[in-house]
Protein chains: 2
Amino acid sequence: MNKHSKPQPTESELGILKVLWQDGPSSVRHINDLLNKERETGYTTTLKLMQIMLEKKLVTRNEEKRTHIYAANVSQESAQKGIIAKILNTAFSGSAKNLVLQALGNHDASLEELNEVKALITKLENEKKS
Amino acid sequence: MNKHSKPQPTESELGILKVLWQDGPSSVRHINDLLNKERETGYTTTLKLMQIMLEKKLVTRNEEKRTHIYAANVSQESAQKGIIAKILNTAFSGSAKNLVLQALGNHDASLEELNEVKALITKLENEKKS
DNA sequence: TTTGATCTACGAATTATTTCGTATATACTT
DNA sequence: AAGTATATACGAAATAATTCGTAGATCAAA
């Protein structure tokens with residue numbers, strides 16, 4: 001859609017995107033309230049960050065009302081893809097397997113989740129065999 | 001072992017650790033040479049970074065010879081664990097499953113790798129059932 | 001219509017990270 | 001021994017990311 005690809009979101013920007021992904025289009029106030037549950041952050045700090053994100057096209061905003069409403073302009077999936085690509089090379093020597101083993105090994109996924117993952121793998125295997 | 005836990009390595013620091021993990025204890029020269037295959041970096045830049053890492057205890061060094069030899073002082077596993085923990089919360093809403101799906105879905109792992117992952121999952125499932 | 005709350009804009013301070021230049025010491029070569 | 005290459009140390013510049021204060025607009029309530 002855009003000729004220029006968006007930069008990878010920074011750490012703080014991801015925190016904001018996370019809320020937008022979860023709750024959908026939101027005001028600065030809403031986001032700042034949520035962020036403050038995790039960690040004290042000034043209102044104008046959050047505002048400034050979101051204005052920067054607007055410049056970077058990481059979000060869009062609706063200015064009809066006085067209180068602007070921001071929306072994520074990158075999907076969670078694409079952001080995830082970028083992050084994984086980056087850490088694969090730096091921390092995991094390019095091995096997706098190792099990444100997966102760490103993720104599953106250390107953070108207990110539910111039985112149900114494990115099954116879903118297994119199902120995906122079977123699917124991938126079949127695709128490869130054909 | 002240490003009373004104070006080591007800070008998370010920064011992006012550049014990870015690049016250095018990556019070499020140390022791969023090649024074992026190395027001189028600054030060696031690391032800088034490898035880094036330069038990816039991206040131009042001045043020698044003293046790498047040196048300085050490694051001195052900082054020494055302060056942070058991310059590496060140790062042997063000073064017997066004039067050319068100091070640095071060694072990683074964090075395992076690749078523990079660094080991986082830290083990174084995954086961080087991105088799980090920010091980008092993946094805490095779902096290890098989603099992280100795994102992305103990792104496997106986008107970067108083609110080999111059949112062999114897929115099998116290994118599957119084996120691990122089966123093992124985890126059995127642990128849970130007991 | 002004055003007061004108070006809330007909003008945006010935006011410059012600038014602060015902090016974190018990365019990069020580099022220079023001084024100085026040590027080793028190697030001729 | 002002199003000259004050249006290669007080390008470390010370290011301050012400080014450059015860059016990136018985060019945080020904050022202040023000014024001015026808008027709205028809502030007394």
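Order of the sequence lines fixes the chain letters, A, B, ..., with proteins taken first and strands second; residue numbering starts at 1 for each chain.
Between Ala91(A) and Trp21(B), the shortest heavy-atom contact is O-CZ3, 4.3 Å. The two residues Ile69(B) and Pro25(B) make their nearest non-hydrogen contact at CG2-CB, 3.6 Å.
Pairs passing the salt bridge (Lys or Arg N to Asp or Glu O under 4.0 Å) check and including a residue from residues 43-55 of chain A, sequence neighbours excluded, do not occur. Identified under the side chain to side chain donor-acceptor pair (under 3.5 Å) test for residues 27-39 of chain A, with sequence neighbours left out: Asp23(A)-His30(A), Asn32(A)-Asn36(A), Asn32(A)-Thr46(A). Residue pairs meeting the salt bridge (Lys or Arg N to Asp or Glu O under 4.0 Å) criterion with at least one member in residues 58-72 of chain A, sequence neighbours excluded: Arg61(A)-Glu63(A). Applying the side chain to side chain donor-acceptor pair (under 3.5 Å) test to pairs two or more places apart or on separate chains, those with a residue in residues 88-98 of chain A are Ser93(A)-Gln76(B), Ser95(A)-Asn98(A), Lys97(A)-Glu116(B).
The residue Thr45(A) sits close to a base: some heavy atom pair falls under 4.0 Å.
Here the OG1-CD1 distance, from Thr10(A) to Ile52(A), works out to 8.5 Å after rounding to the nearest 0.5 Å.
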Using nucleotides 27-30 of chain C, report all nitrogen or oxygen pairs with the protein that are shorter than 3.5 Å.
none

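Take the nearest nucleotide of DNA chain C for Lys48(A) and for His68(A): the residue whose nucleotide is more 5' is His68(A).
Straight-line distance from the CE atom of Met50(B) to the P atom of dT17(C): 18 Å, rounded to whole Å. If you take CD of Gln51(B) and P of dT19(C), they are 15 Å apart, rounded to a whole angstrom. Distance CD (Glu64(B)) to C1' (dT26(C)): 17 Å, rounded to an integer number of Å. As rounded to whole Å, 11 Å separates atom P of dT17(C) from atom CD of Gln8(B). Atom-to-atom, CD1 of Ile52(B) to P of dC20(C) comes out at 14 Å; the value is rounded to the nearest Å.
Lys86(B) pairs by the side chain to side chain contact (heavy atoms under 4.5 Å, CB included) definition with Glu11(A), not counting sequence neighbours. Take Pro7(A) and apply the side chain to side chain contact (heavy atoms under 4.5 Å, CB included) test, not counting sequence neighbours, and it matches Lys56(A). Checked against side-chain hydrogen bond (donor to acceptor under 3.5 Å, both in side chains), Lys123(B) has no partners two or more places apart in sequence or in another chain. Residues meeting the side chain to side chain contact (heavy atoms under 4.5 Å, CB included) test with Thr45(B), sequence neighbours left out: Thr41(B).
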Q: Run the numbers on Val100(B) and Leu120(A) for side-chain contact (heavy atoms from CB on, under 4.5 Å), then give the verdict.
A: CA-CA 10 Å; Val100(B) 169; Leu120(A) 171 82; 5.9 Å; no
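Distances shorter than 4.0 Å separate none of the side-chain N or O atoms of Thr10(B) from OP1 or OP2 on dT17(C).
Non-hydrogen atoms lying under 4.0 Å from DNA chain C are contributed by Arg29(A), Tyr43(A), Thr44(A), all within residues 29-44 of chain A.
A distance-only check finds a donor-acceptor pair linking the side chain of Lys6(A) to the backbone of Asn73(A) [under 3.5 Å].
Protein chain B contacts DNA chain D from dT6(D) to dA12(D), reading 5' to 3' and using non-hydrogen atoms of the protein with a distance under 4.0 Å.
Each end of the helix from dT1(C)-dA30(D) to dT30(C)-dA1(D) gets its own rotation axis from five pairs of C1' atoms, and the angle between them is 0° to the nearest 10 degrees.
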